[in-house]
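Input: a single structure, listed below in structure tokens.
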Protein chains: 2
Amino acid sequence: MVKNTRRVQRGEESLSRERIVEASIALLDSGGESGLTFRALAERLATGAGALYFHVANKNDLLHAACDAVVASVMAAAATGAAPRENIRAIGIGMFDAIDARPWVGAELTRAAGKMPTVRLLEGIGRQVVALGVAQQAQWLVASTLLNYILGVAGQNAANTAAAMATGAVRSHALAAVAADWSQLAADEYSFTRSIAGQLREHDDREDFLAGIDLILEGVAASRPSVTSSRQAAARKAST
Amino acid sequence: MVKNTRRVQRGEESLSRERIVEASIALLDSGGESGLTFRALAERLATGAGALYFHVANKNDLLHAACDAVVASVMAAAATGAAPRENIRAIGIGMFDAIDARPWVGAELTRAAGKMPTVRLLEGIGRQVVALGVAQQAQWLVASTLLNYILGVAGQNAANTAAAMATGAVRSHALAAVAADWSQLAADEYSFTRSIAGQLREHDDREDFLAGIDLILEGVAASRPSVTSSRQAAARKAST
DNA sequence: ACCTGAACACCGTTCAAGT
DNA sequence: ACCTGAACACCGTTCAAGT
């Protein structure tokens, strides 16, 4: 505390992992994934590039920590006391909007399998699955299916917005461009995709995302008798 | 044809996009994503790095084309004449195994939103959704939900196996390591994740993946009356 | 038209040297 | 213990020069 007199006098706090992650988020937000550089980070924090390695293992660690900070705040905001089904939708919408604003979060999420940011999501979803009354044997299936669906949408949305930002267009224009591409595919080889292209243009992908969650939840409701009681009975028989 | 006498005499074909993509796949398979380099590619093809740019736009184009080639062959192999539900499972399993063998395909898939490789998947899935008897209004929802789920699993699996390969471990060991990490989380903050950690260790993630597809398909079956006939009726009313 | 390979403008990461 | 910043070992991409 007393040591860093010089920096404290300059009105800055000393270098810390927290400050580095914070600055990384700012760089990612303004310049995308290629905007995060150890050199740019060092300049922004008025230090040398090598100093950063004293607080952060490497660039992966940095990306990971930045993503985790965003996910943590989304999960905190989505923790309302509503019904399980509404809570799951709130988590989904929270992630959807966060990735809409910060595509780099979606991209990083697909690389962080089993690590903190995805575990946070799994925990949040899992608790709601339990509250939903899903039997223990099916909890992993339901939670991981929802998680994988959300991560899939996250990745695709991140790629879409990143591509849109690269060409200078707005996100909605990017979707229109995709729809236009699709309608020019060979009629015989891509009959389904072509038939759906028009529909894609009109649809709101936020609503589509929620409808997907509802579809999965409907599957849960439909299979509850077979997934729960019958398997529990089978397990009971097996252990006898 | 007659021009490239020198290369033909050496017993090589002339440089082409096809040969470049083929060599890229070989490099990606043996060295992972960091193994694909314009310098390594040039050496393998006995040419200069700059020559490659005559046939390929940039590294993204290369990655994209390599991924598409793999997906195309998976889709071709999965096109059996079985029942729609079985065909969807075959597509899923085909992709799962392809990504298991080549993690870079899963990673690239998450970056190629709306482009060829994902369109190929969408088309294959969509045709089965149509064959399943899903009403037109719900086809996009069902197909895109399945697609996003598959892409989500693809991304996570790719990250898992890539991480395992980096530490020199086998894939199953990596899952065990994740399970071990999870059981050491704070008991109060991560109660669900901890409770599921044991289950994760025993489960076969290929089976889990298929169970997720089945869960979504059960949601489709359950909501068919409401999603199809009632909406069709509403549409009919609206257009009157 | 196609290829060569040196050069350019970057990267992440390391490490002797400082305080 | 923490920080500096030059140096290292790479990248993707470009481009004059060749055939």
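Hydrogens, waters and symmetry mates play no part in the numbers below; they use all other heavy atoms, side chains included.
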Residues two or more places apart in sequence or in another chain: which of them pass salt bridge (charged side-chain N to carboxylate O under 4.0 Å, His left out) with A:R102? A:D29
Which residues in residues 31-39 of chain A have at least one heavy atom lying under 4.0 Å from any atom of DNA chain D? A:R39
Mind checking side chain to side chain donor-acceptor pair (under 3.5 Å) for A:N87 and listing every partner two or more places apart, or none if nothing turns up? A:T80, A:Q128
Please state whether the phosphate of C:dC2, meaning OP1 or OP2, lies under 4.0 angstrom from any side-chain nitrogen or oxygen of B:H55. no
For B:K115, is there an ion pair with A:D181 - N to carboxylate O distance below 4.0 angstrom? no
Could you check whether any side-chain N or O of A:R194 sits under 3.5 Å from a backbone N or O of A:L185, counting only pairs where one atom can act as donor and the other as acceptor? yes
Between CG of B:L15 and C1' of C:dA1 the distance, given in whole Å, is 13 Å
Please check if the side chain of A:W104 supplies one atom and the backbone of A:I25 the other of a donor-acceptor pair under 3.5 Å. no
Interatomic distance, B:I93 atom CD1 to B:E207 atom CD [nearest 0.5 angstrom]: 9.0 Å
What is the distance from CG of B:L62 to C1' of D:dT13, rounded to the nearest Å? 13 Å
Summary of protein contacts for nucleotides 14-19 of chain C, nucleotide by nucleotide, where a base hit scores B, a sugar-phosphate-only hit scores S (4.0 Å, heavy atoms): BB----
List for me each residue that meets side chain to side chain donor-acceptor pair (under 3.5 Å) alongside A:T193, sequence neighbours excluded, and say none if there are none. B:E123
Give, for atom CZ of A:F209 and atom CG of A:D205, the distance between the pair rounded to the nearest 0.5 Å. 10.5 Å
Once you round it to whole Å, what is the distance between P of D:dC10 and CG of B:L41? 18 Å
To the nearest Å, how far apart are B:D61 CG and D:dG12 P? 14 Å
Rounded to whole Å, please give me the gap between CD1 in A:I20 and C1' in D:dC3. 11 Å
Its dot-bracket string being built from Watson-Crick and G-U pairs below 3.5 Å, with | for another strand and [ ] for crossing, DNA chain C has the pattern ||.|||||...|||||.||
Rounded to whole Å, how long is the line connecting atom CZ of A:F54 with atom P of D:dC3? 7 Å
Treating A:T118 as the side-chain partner and A:A112 as the backbone partner, does any N or O pair qualify as donor plus acceptor under 3.5 Å? yes
To the nearest 0.5 Å, atom CG of A:L45 lies from atom CZ of A:R19 at 5.5 Å
A:R111 and A:E33 ion-paired at < 4.0 Å: yes
Report the distance from atom CD of A:E43 to atom P of C:dC11, rounded to the nearest whole Å. 11 Å
Mind calculating the distance between CG (A:N58) and C1' (D:dC10) to the nearest angstrom? 16 Å
